[in-house]
Amino acid sequence: MINKKLPMRMCIACKESKQKKELIRIVKTEESFTLDFTGKLNGRGAYICNNDECMQKCVKGKILSKAFKQNIGQEVYEKLKEQYFERKQN
């Protein structure tokens, strides 16, 4: 029996390596940034844990600016935070 290697990714907030399916992907598209819960959207991505602490840490520390090597406005962080908590309620 062949054991498949599980893809591992690192959370940009807490720096823990976890399985890809346990994390949420933040995608930079041509127009804006969005959360990709499926992991299949086109664009450059970064990963974050699926918990409130890492999302808060990402927003407070402006970690996306470091991950994508560009200046990202506060409105983008607020939009991502809103998407995250909206999804969490459903």
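All heavy atoms count here, side chains included; hydrogens, waters and symmetry mates do not.
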* Do you know which two heavy atoms are closest between Leu35 and Leu80, and how far apart they sit? -> CD1-O, 3.5 Å
* **Distance in Å, Lys57 NZ paired with Ile48 CD1, rounded so as to fall on 0.5 Å steps** => 10.0 Å
* To do: Would you mind reporting whether Leu64 and Gln70 have side-chain heavy atoms less than 4.5 Å apart?
  => no
* To do: Kindly work out whether a path of hydrophobic side-chain contacts (I/L/V/M/F/W/Y, heavy atoms less than 4.5 Å apart) joins Leu41 to Ile72.
  => no
* Quick one: pull up CE in Met55 and CG in Asn50 and give me the separation to the nearest 0.5 Å. => 8.5 Å
* For atom CD of Glu82, is the number of surrounding heavy atoms from other residues, nucleotides or ligands below 6.0 Å larger than 12? -> no
* Asked: Taking a hydrophobic cluster as the set of Ile, Leu, Val, Met, Phe, Trp and Tyr residues connected by side-chain heavy atoms closer than 4.5 Å, whether directly or through intermediates, do Leu23 and Phe68 fall within one such cluster?
  -> no
* To do: May I ask you to decide if Asp52's main-chain N or O and Tyr84's side chain share a donor-acceptor pair within less than 3.5 Å?
  => yes
* To do: Identify, with sequence neighbours excluded, every residue that meets salt bridge (Lys or Arg N to Asp or Glu O under 4.0 Å) alongside Arg25.
  => Asp36
* **Connected via hydrophobic side-chain network under 4.5 Å: Phe85 and Ile24** => yes
* Are Leu6 and Lys20 side-chain neighbours, meaning at least one heavy-atom pair lies under 4.5 Å? -> no
* Do Lys62 side-chain atoms and Tyr77 backbone N/O form a donor-acceptor pair below 3.5 Å? -> no
* Euclidean distance, Lys79 NZ relative to Thr34 OG1, rounded to 0.5 Å -> 5.5 Å
* State the CD1-OH distance between Ile12 and Tyr47, to the nearest 0.5 angstrom. => 11.5 Å
* **Atom pair SG (Cys54) and NZ (Lys15), whose distance is rounded to the nearest 0.5 Å** => 10.5 Å
* Asked: If you round to the nearest 0.5 Å, how far is NZ of Lys81 from CD of Gln74?
  -> 8.0 Å
* Worked check of side-chain contact (heavy atoms from CB on, under 4.5 Å) between Arg9 and Lys18 -> CA-CA 6 Å; Arg9 299 291 184 266; Lys18 296 184 179 183; over 6 Å; no
